[in-house]
Amino acid sequence: MPNQTEARLIHQIAQQDQSALAQLYDRYAPVLFAFAYRILNSLEESEEAVSDVFLQVWKTASSYDPQKSRVDTWLFMLTRSRALDRLRRLARHHRNQVAAQELPTVTKPLDEGLIYRDRYDRVQHALSQLPAPQRQVLELSYFGGMTHTEIALRLNLPLGTIKTRIRLAIAKLKHLLPEM
């Protein structure tokens with residue numbers, strides 16, 4: 001019953017229970033760090049993103065709605081949002097350097113013993129089943145932090161094509177990963 005345990009932790013955090021926050025942090029910080037690192041490709045920025053996530057959890061735990069998403073899904077979305085915010089901020093300050101860098105590649109988690117290894121493997125397998133054009137635009141959007149317009153400019157394709165590919169990729173992933 002991890003979902004009930006995690007939801008209970010969020011409820012306790014909403015009551016300002018620091019030990020509940022520590023338990024949630026111990027459980028999720030390593031995997032959230034690995035996820036942020038995939039987006040940011042920077043140890044320092046990834047650490048800051050994860051810190052921001054847990055600060056946000058501390059401040060907004062009372063607004064968490066278990067009917068809308070599972071705790072792990074909520075944490076991953078918060079992490080993605082914080083990481084992309086950081087990526088965009090870095091891009092504004094270092095536009096030329098960021099443009100010259102390669103996008104982060106899909107890597108294995110930092111710790112082979114992470115609880116979510118199975119989930120990671122299933123997502124990677126599902127991504128590998130997408131047609132290359134769909135996978136490319138999805139990775140540029142979700143892991144590269146690029147907007148649809150930026151992707152269209154980079155790939156020299158119409159904006160509608162980019163949006164269609166992303167929509168089709170997400171629909172296929174929902175079909176391949178129905179339990180997530």
Side-chain angles (χ1 to χ4, degrees), residues 1-91 103-130 135 138-146 166 169-170 173-180:
M1 312 256 177
N3 292 337
Q4 291 175 347
T5 302
E6 293 163 349
R8 189 185 91 261
L9 286 174
I10 296 296
H11 177 72
Q12 290 171 328
I13 293 167
Q15 305 299 318
Q16 303 296 293
D17 183 340
Q18 293 179 358
S19 67
L21 182 66
Q23 288 177 40
L24 193 70
Y25 181 88
D26 290 343
R27 186 174 294 170
Y28 282 100
V31 72
L32 295 178
F33 174 82
F35 180 62
Y37 185 80
R38 283 188 54 205
I39 296 169
L40 294 164
N41 203 24
S42 164
L43 294 173
E44 296 82 14
E45 292 294 329
S46 299
E47 289 171 354
E48 289 294 324
V50 172
S51 292
D52 290 349
V53 166
F54 283 99
L55 179 61
Q56 184 174 358
V57 167
W58 180 253
K59 290 179 178 180
T60 65
S62 61
S63 68
Y64 168 72
D65 182 357
Q67 300 302 317
K68 290 184 179 179
S69 70
R70 295 174 7 169
V71 172
D72 58 349
T73 303
W74 183 55
L75 292 172
F76 275 100
M77 291 308 295
L78 291 175
T79 303
R80 179 181 176 274
S81 179
R82 295 294 75 75
L84 291 178
D85 288 348
R86 289 185 167 281
L87 190 65
R88 289 183 184 116
R89 182 181 51 79
L90 290 170
L103 291 172
T105 57
V106 177
T107 60
K108 292 183 179 178
L110 297 178
D111 179 6
E112 293 291 322
L114 292 175
I115 346 175
Y116 292 96
R117 176 68 185 176
D118 180 58
R119 176 178 281 185
Y120 176 87
D121 289 342
R122 287 186 290 146
V123 169
Q124 292 306 311
H125 179 70
L127 285 171
S128 73
Q129 293 183 39
L130 293 176
R135 185 176 57 251
L138 197 65
E139 287 178 348
L140 288 170
S141 176
Y142 282 87
F143 301 123
M146 296 176 75
I166 289 174
I170 291 172
L173 287 176
K174 283 182 180 178
H175 174 72
L176 294 169
L177 302 165
E179 71 283 354
M180 296 182 125

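What's counted below: heavy atoms across the whole structure, side chains too, no hydrogens, waters or symmetry copies.
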What is the minimum heavy-atom distance between [X] and [Y], and which atoms define it?
X	Y	answer
Leu138	Ala169	CD2-CB, 4.0 Å
Ala61	Ile13	CB-CG2, 3.6 Å
Phe35	Phe76	CE2-O, 3.6 Å
Val50	Ala36	CG2-CB, 4.5 Å
Ala7	Val71	N-CG2, 3.8 Å
Ile166	Ser141	CD1-CB, 4.0 Å

- Under the side chain to side chain contact (heavy atoms under 4.5 Å, CB included) criterion, do Arg27 and Thr5 qualify, and how do the steps go? CA-CA 11 Å; Arg27 186 174 294 170; Thr5 302; 3.8 Å; yes
Using a 3.5 Å distance criterion without hydrogens, assess whether the side chain of [X] forms a donor-acceptor pair with backbone atoms of [Y].
X	Y	answer
Ser81	Met77	no
Tyr64	Ser69	yes
Arg135	Leu130	yes

Straight-line distance of [X] [atom1] to [Y] [atom2], nearest 0.5 Å:
X	Y	atom1	atom2	value
Leu78	Leu55	CG	CG	11.5 Å
Leu40	Leu84	CG	CG	7.5 Å
Gln23	Asp17	CD	CG	7.5 Å
Leu127	Leu173	CG	CG	5.5 Å
Leu87	Arg82	CG	CZ	13.5 Å
Asn41	Ser46	CG	OG	8.0 Å

- Verdict with supporting geometry, Glu6 and Ile10, side chain to side chain contact (heavy atoms under 4.5 Å, CB included): CA-CA 6 Å; Glu6 293 163 349; Ile10 296 296; 5.7 Å; no
- Query: Any chance CD of Gln18 has more than 12 other-residue heavy atoms, nucleotides or ligands included, within less than 6.0 Å?
  - Reply: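 Not buried by this count: 12 neighbours or fewer within 6.0 Å.
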Side chain to side chain, [X] and [Y], heavy atoms closer than 4.5 Å:
X	Y	result
Arg88	Asp85	yes
Leu75	Leu24	yes
Tyr25	Val57	no

- Check ion pair Glu45-Arg89 (N to O, under 4.0 angstrom): yes
- Message: side chain to side chain contact (heavy atoms under 4.5 Å, CB included), that's the test. Do Tyr142 and Ile39 meet it? Break it down for me.
- Response: CA-CA 8 Å; Tyr142 282 87; Ile39 296 169; over 6 Å; no
- Task: Show the numbers, then the answer: is there a side chain to side chain contact (heavy atoms under 4.5 Å, CB included) between Glu48 and Glu44?
- Result: CA-CA 6 Å; Glu48 289 294 324; Glu44 296 82 14; 5.6 Å; no
